[in-house]
Amino acid sequence: MTAVRPRNPQAPRNRITFRPARMPDDALVEDAMIRGVEYNGDVFVGHAVELAEAEQVRFENARFTGMNTRQVVFSDATFQTCDFATVRAQDTSLVRAEVFASRITGASWSKSHFHDVRFENSRADLSLWRHSKFKAVTFEGCNLTGADFQFAELRDVQFRSCDLTGAQFANVQVQRLRFEDCTLVDVGGAASLKGAAVQGPGGMELAVALARDAGIRLEP
């Protein structure tokens with residue numbers, strides 16, 4: 001029987017002409033309602049934002065380092081070469097979003113929601129995604145070493161050509177999960193990935209992780 005592949009994420013629905021951001025009117029602040037704005041090189045370092053919405057937006061070379069968000073929704077959004085390092089995002093949502101060539105090192109996205117999202121060629125080592133919900137999400141060409149997905153829901157999720165060395169997957173819920181040409185050395189919680197499809201050398205690496213979790217010692 002042929003396994004059902006995860007569905008690909010939908011692209012952002014950008015049907016309007018973007019206008020350049022005008023500060024402070026277009027600042028990403030608490031209770032903001034932003035639509036049709038393009039940000040280039042803007043800095044949101046250390047900002048605290050709650051209950052905001054940004055729809056049909058583009059961010060290029062934006063810095064979100066150390067930002068704290070809660071109940072913030074980004075929909076039909078594109079992030080290009082942005083810096084999310086050490087962001088603390090809780091109950092934050094990305095819907096029909098694309099993240100390209102960005103830095104997500106050490107960021108925390110706990111209890112957040114990702115629906116139709118594509119992460120490509122981004123560095124997300126030591127990132128935390130615990131208790132988050134993923135639906136139709138693709139990670140491609142990403143560095144996810146030491147990433148923590150424990151207790152996450154992974155539905156229609158694909159990892160392609162990603163480095164997941166030391167990533168943690170304990171207690172995840174899986175439905176149509178696929179790893180393709182990924183590095184899966186020392187993955188934690190491998191038993192929770194039951195039902196996932198693995199293509200490439202990562203299959204043997206995952207088997208070793210399963211043996212380790214089961215207390216099986218592999219001798220030369």
Side-chain angles (χ1 to χ4, degrees), residues 6-7 9-10 28 30 47-54 64-75 77 79 82-99 102-120 122-140 142-160 162-179 182 184 186-198 206 209-210 213:
R7 75 169 181 84
Q10 296 181 36
L28 191 58
E30 187 169 342
H47 287 197
V49 184
E50 190 168 351
L51 295 171
E53 294 184 21
F64 300 90
T65 313
M67 188 176 189
N68 288 271
T69 67
R70 185 180 179 86
Q71 294 184 323
V72 176
V73 178
F74 296 94
S75 59
F79 301 87
C82 293
D83 191 347
F84 297 93
T86 66
V87 160
R88 293 292 175 265
Q90 187 171 1
D91 196 16
T92 292
S93 299
L94 269 64
V95 182
R96 293 182 304 279
E98 296 175 328
V99 181
S102 294
R103 181 172 175 246
I104 316 174
T105 299
S108 173
W109 300 83
S110 62
K111 299 181 181 178
S112 292
H113 305 264
F114 302 89
H115 196 314
D116 288 300
V117 182
R118 181 179 182 85
F119 296 90
E120 186 173 321
S122 294
R123 180 168 182 172
D125 50 315
L126 302 176
S127 51
L128 188 150
W129 315 80
R130 283 191 173 197
H131 298 279
S132 290
K133 296 182 179 181
F134 297 80
K135 184 176 181 181
V137 175
T138 295
F139 291 88
E140 185 162 357
C142 293
N143 178 351
L144 287 156
T145 57
D148 190 344
F149 291 91
Q150 295 183 80
F151 299 96
E153 295 182 21
L154 306 174
R155 180 179 176 186
D156 287 309
V157 174
Q158 304 175 73
F159 294 92
R160 299 174 180 162
C162 292
D163 187 349
L164 287 148
T165 300
Q168 302 298 312
F169 289 95
N171 301 298
V172 295
Q173 298 180 41
V174 170
Q175 187 176 2
R176 294 183 296 280
L177 171 64
R178 181 178 177 84
F179 298 93
C182 291
L184 297 169
D186 294 331
V187 164
S192 295
L193 298 174
K194 182 179 180 180
V198 184
L206 193 59
L210 280 166
D213 289 352

S.K.: With sequence neighbours excluded, what pairs up with Asn68 under the side-chain hydrogen bond (donor to acceptor under 3.5 Å, both in side chains) test?
M.R.: none
S.K.: Using the ring-ring contact (aromatic ring centres under 6.0 Å, His included) definition, which of the options Phe179, Phe114, Trp129 pairs with Phe139?
M.R.: Trp129
S.K.: Working to the nearest 0.5 Å, report the span between CD of Glu30 and OG1 of Thr69.
M.R.: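 That separation rounds to 12.0 Å.
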S.K.: With rounding to the nearest 0.5 Å, note down the distance linking NE2 in His131 to CD in Glu153.
M.R.: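 His131 atom NE2 to Glu153 atom CD measures 11.0 Å (nearest 0.5 Å).
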S.K.: Check Asp116 with Arg96, please: is the shortest side-chain N to carboxylate O separation under 4.0 Å?
M.R.: no
S.K.: Please give me the minimum heavy-atom distance between Leu144 and Ala167, naming the atom from each residue.
M.R.: O-CB, 4.1 Å
S.K.: Show your working on side chain to side chain contact (heavy atoms under 4.5 Å, CB included) between Phe134 and Val117 and close with a plain yes or no.
M.R.: CA-CA 9 Å; Phe134 297 80; Val117 182; over 6 Å; no
S.K.: In this structure, which one of Arg178, Lys135, Arg176 forms a salt bridge (charged side-chain N to carboxylate O under 4.0 Å, His left out) with Asp156?
M.R.: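 Passing option: Arg176.
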S.K.: For side chain to side chain contact (heavy atoms under 4.5 Å, CB included), just list the numbers for Asp91 and His113, CA-CA rounded to whole Å, side-chain angles, deciding distance to a tenth of an Å, and then say yes or no.
M.R.: CA-CA 7 Å; Asp91 196 16; His113 305 264; 3.5 Å; yes
S.K.: Using modelled atom types only, decide if a donor and an acceptor are shared between the side chain of Ser102 and the backbone of Cys82 within a distance under 3.5 Å.
M.R.: yes
S.K.: Exactly one of Asp83, Asp125, Asn143 should register a side-chain hydrogen bond (donor to acceptor under 3.5 Å, both in side chains) with Arg103. Which one does?
M.R.: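 Per the side-chain hydrogen bond (donor to acceptor under 3.5 Å, both in side chains) rule, the option paired with Arg103 is Asp83, out of Asp83, Asp125, Asn143.
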S.K.: Rounded to the nearest 0.5 Å, what's the gap from CD on Glu140 to CZ on Arg160? Could you check?
M.R.: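 Result: 5.5 Å between the selected atoms.
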S.K.: Can you name the residues that form a ring pair (Phe, Tyr, Trp, His ring centres under 6.0 Å) with His115, not counting sequence neighbours?
M.R.: none
S.K.: Please report the interatomic distance OG1(Thr145) to CG(Leu164), rounded to the nearest 0.5 Å.
M.R.: 9.0 Å
S.K.: Would Ser110 and Leu128 count as a side chain to side chain contact (heavy atoms under 4.5 Å, CB included) here? Give the steps.
M.R.: CA-CA 7 Å; Ser110 62; Leu128 188 150; 4.1 Å; yes
S.K.: Can you give me the closest heavy-atom contact between Met67 and Val49, atom names plus distance?
M.R.: CE-CG2, 3.2 Å
S.K.: Are any side-chain N or O atoms of Ser132 and backbone N or O atoms of Trp109, one a donor and one an acceptor, separated by less than 3.5 Å?
M.R.: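 Side chain of Ser132 to backbone of Trp109: a pair is present.
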S.K.: Hey, mind stepping through Ile104 and Phe79 against side chain to side chain contact (heavy atoms under 4.5 Å, CB included) and telling me if it holds?
M.R.: CA-CA 12 Å; Ile104 316 174; Phe79 301 87; over 6 Å; no
S.K.: I'd like to check the side-chain hydrogen bond (donor to acceptor under 3.5 Å, both in side chains) partners of Ser112; sequence neighbours left out, ordered by chain and number.
M.R.: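 Partners of Ser112 under the side-chain hydrogen bond (donor to acceptor under 3.5 Å, both in side chains) test: none.
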S.K.: Atom CD in Glu53, atom CD in Gln71: separation rounded to 0.5 Å?
M.R.: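 Answer for the CD-CD pair, Glu53 versus Gln71, is 11.0 Å.
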S.K.: Counting distance only, does the side-chain N/O of Gln168 pair as donor-acceptor with the main-chain N or O of Gly166 below 3.5 Å?
M.R.: yes
